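Below is one structure; the comments refer to it alone.
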Amino acid sequence: MSDFLPTGIQLTYLVAASLFILGLKKLGSPATARNGNVIAAVGMLLAIVATMLDQHVLNYEMILLGLAIGSAIGAIAAYKVQMTEMPQMVGLLNGLGGAASALVAVAEFWRLLDSSQPIPLDVNISMLLDVLIGGVTFTGSFLAFAKLQGLISGSPITFPFQQPFNLLLLGAYLAGSAYLIVTPDSLPIFLAVVAVSLVLGVMFVIPIGGGDMPVVISLLNSLSGIAAAAAGFVVMNNMLIIAGALVGASGIILTEIMCKAMNRSLFSVLFSAFGSVSATGGGAAGSSTTDQSVRSIDPEEGAMMLGYARSVVIVPGYGMAVAQAQHSVRELADQLERMGVDVKYAIHPVAGRMPGHMNVLLAEANVPYTQLYDMDDINPQLEQADVALVIGANDVVNPAARSDTNSPIYGMPILEVDKAKHTIVIKRGMSAGFAGVDNELFYKDKTTMLFGSAKDMVAKLVSEVKQL
């Protein structure tokens, strides 16, 4: 039995890794994402059980206590956290993952120090990398959470000589790491390296504006996986290495997809302080940064345009998320379909505050997956759409990205709602989006504005459509 146990554990790890890969594959489609989550969760359960059976695990009581406490907190969070707050939740989970990985390295360093055993070079390097990546992920993710939650300003925070200061921090980390490789038993230097990694995480996120948060959340998710893989090398656990590598690789791929959707490089996202909220955007209906006029309508006129259309494309944005209007939007779509209107949803890759934010909200409202269209699929169809209904979206529908070479969002792929026969924009006012630029769409001849809260306006549209 003792000879079989190590082999059985590794075989279980292999099965768990296969389930992780299958789960990730299914997460690629909204229709199979729930099953993918279940499959990956089963894989994680197998990995945990196999690890607990390992002969190196000595204190089962503490592990079971941690599992019970963590499971309780996770279950409560799953029920209590609103879908509109899911980006903040993802940020917290990324941060906790990074912290857990960094603590593994700290605990292993402490153990080796207490045992007076020599620290192997490969383990030493793995610990230093784990501390760096895990520390940056921890503080960076919690700062991203604070920005998304509104605890601090979502605008880029910059100060003179910021980049030289960051380089100084990085140089201090490298110098400390070099010293630890030569003299691996120096606890003060190791703690100093840990502290520097935590400060680097803060400096990594503060210059990034709210408009870039989807990319940042995705990148931090990738870093949490890389930190887990590094922790796997520290404790020589194959399952941790595989799981961390999968998360890290998928996060990097998603980050690249998000950057492509914004037509920007990852370097510019991290270092250009793009995405600040304009102070000149105005907040009241009808106010703007230009002298152009807009045409506003009331819910009755909007209902007539929608009810008598043959095809309607709904474009959800962060305004819909803030107002928690997804259920009202689903009710409006159902009512229009009863009248014979063909309804589709256009999803921009960076709409909202995290990758897939709009998909998650619409899934909560039980919107059929077959009605969700990615940007590349829906854009060719918008010219045939009678009405494009924009609910709280701004930068992702701004024609300036296509026509104004001086615009900071020029070149960013957008949902081309201005090509529809008519466009209705539901928005509280004329304030700019996170890119801080005025939206040309609002002043187009075919565009009408329906000012007010997304939830209230959609509810009124539903009521008026029912009376047609």
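As the structure is a prediction and not an experimental result, all values here were calculated from the model. In this chain, numbering begins with 1 at the start of the sequence shown.
- Side-chain atoms of K147 come within 3.5 Å of backbone N or O of I208 as a donor-acceptor pair.
- Using modelled atom types, one side-chain atom of S250 and one backbone atom of V247 make a donor-acceptor pair closer than 3.5 Å.
- Panel note: side chain S224, backbone N94; no donor-acceptor pair is recorded below 3.5 Å.
- The aromatic rings of F190 and F109 lie parallel to each other, with less than 30° between the two planes, well short of the 60° mark.
- The minimum heavy-atom distance between T12 and A50, with the atom names listed, is CG2-CB, 3.7 Å.
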Stepwise side-chain contact (heavy atoms from CB on, under 4.5 Å) check, Q371 with K344: CA-CA 5 Å; Q371 292 184 346; K344 297 174 181 175; 5.6 Å; no
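- The distance from atom CG of L254 to atom SG of C259, rounded to the nearest 0.5 Å, is 9.5 Å.
- Judged purely by atom type and a 3.5 angstrom limit, N238 has no side-chain atom pairing as donor or acceptor with the backbone of G232.
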side-chain contact (heavy atoms from CB on, under 4.5 Å) assessment of L187 paired with W110: CA-CA 8 Å; L187 180 59; W110 208 289; 4.2 Å; yes
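- Here the CG atom belonging to L389 is positioned 5.5 Å from the CD1 atom belonging to I314, to the nearest 0.5 angstrom.
- Closest approach of V106 and V194 over heavy atoms only: CG2-CG2, 4.3 Å.
- Counting all heavy atoms, side chain and backbone alike, A454 lies closest to A325 at C-CB, 4.0 Å.
- Atom CD1 of I73 and atom CG of L96 lie 9.0 Å apart (nearest 0.5 Å).
- Residue I39 forms a side chain to side chain contact (heavy atoms under 4.5 Å, CB included) with just one option from L19, T32, I21, and that option is L19.
- No side-chain donor-acceptor contact under 3.5 Å links D418 to the backbone of L441.
- Inter-residue side-chain proximity for E364 and H327 is flagged as met; some heavy-atom pair is nearer than 4.5 Å.
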Step-by-step side-chain contact (heavy atoms from CB on, under 4.5 Å) determination, T183 to I189: CA-CA 10 Å; T183 312; I189 297 297; over 6 Å; no
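- A donor-acceptor pair under 3.5 Å links the side-chain atoms of T139 to the main chain of L198, judged by distance alone.
- For the atom pair CG (L219) and CD (E256), the distance works out to 11.5 Å, reported to the nearest 0.5 Å.
- In this structure, M358 CE and L372 CG are separated by 11.5 Å, a value rounded to the nearest 0.5 Å.
- Rounding to the nearest 0.5 Å gives a distance of 5.5 Å between CD1 of I48 and CG of L67.
- Using a 4.5 Å heavy-atom threshold, the side chains of Y173 and S177 count as touching.
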Intermediate values then yes/no, side-chain contact (heavy atoms from CB on, under 4.5 Å), V234 and L240: CA-CA 10 Å; V234 171; L240 200 52; over 6 Å; no
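- Residues V193 and L180 form a side-chain contact, since some pair of their non-hydrogen atoms from C-beta on lies under 4.5 Å apart.
- Taking each heavy atom of K26 and G36 in turn, the nearest pair found is CB-CA, 3.7 Å.
- Across all their heavy atoms, A144 and I217 have their closest contact at CB-CD1, 4.4 Å.
- For the pair M52 and L64, the tightest heavy-atom approach, listed with the atom from each and the gap, is CE-CD2, 3.7 Å.
- V458 places none of its side-chain heavy atoms less than 4.5 Å from the side chain of K455.
- A side-chain donor-acceptor contact under 3.5 Å links N439 to the backbone of N394.
- Between N366 and R330, some side-chain heavy-atom pair lies under the 4.5 Å cut-off.
- Heavy atoms of other residues, nucleotides or ligands lying less than 6.0 angstrom from CZ of F233 number 12 at most.
- More than 12 heavy atoms of other residues, nucleotides or ligands sit less than 6.0 Å from atom CZ of F159.
- Proximity of a side-chain donor or acceptor of Q381 to a complementary backbone N or O of D377 within less than 3.5 Å is detected.
- No donor-acceptor pair under 3.5 Å is formed between the side chain of N398 and the backbone N or O of A401.
- Looking only at side-chain heavy atoms (C-beta outward), I241 and N237 stay at 4.5 Å or farther from each other.
- In this structure the side chain of V425 never reaches within 4.5 angstrom of the side chain of V417, judged on heavy atoms.
- Put simply, the side chain of D122 reaches to within 4.5 Å of the side chain of M236, judged on heavy atoms.
- Listed for the Y345 side chain is no donor-acceptor partner under 3.5 Å among the backbone atoms of D374.
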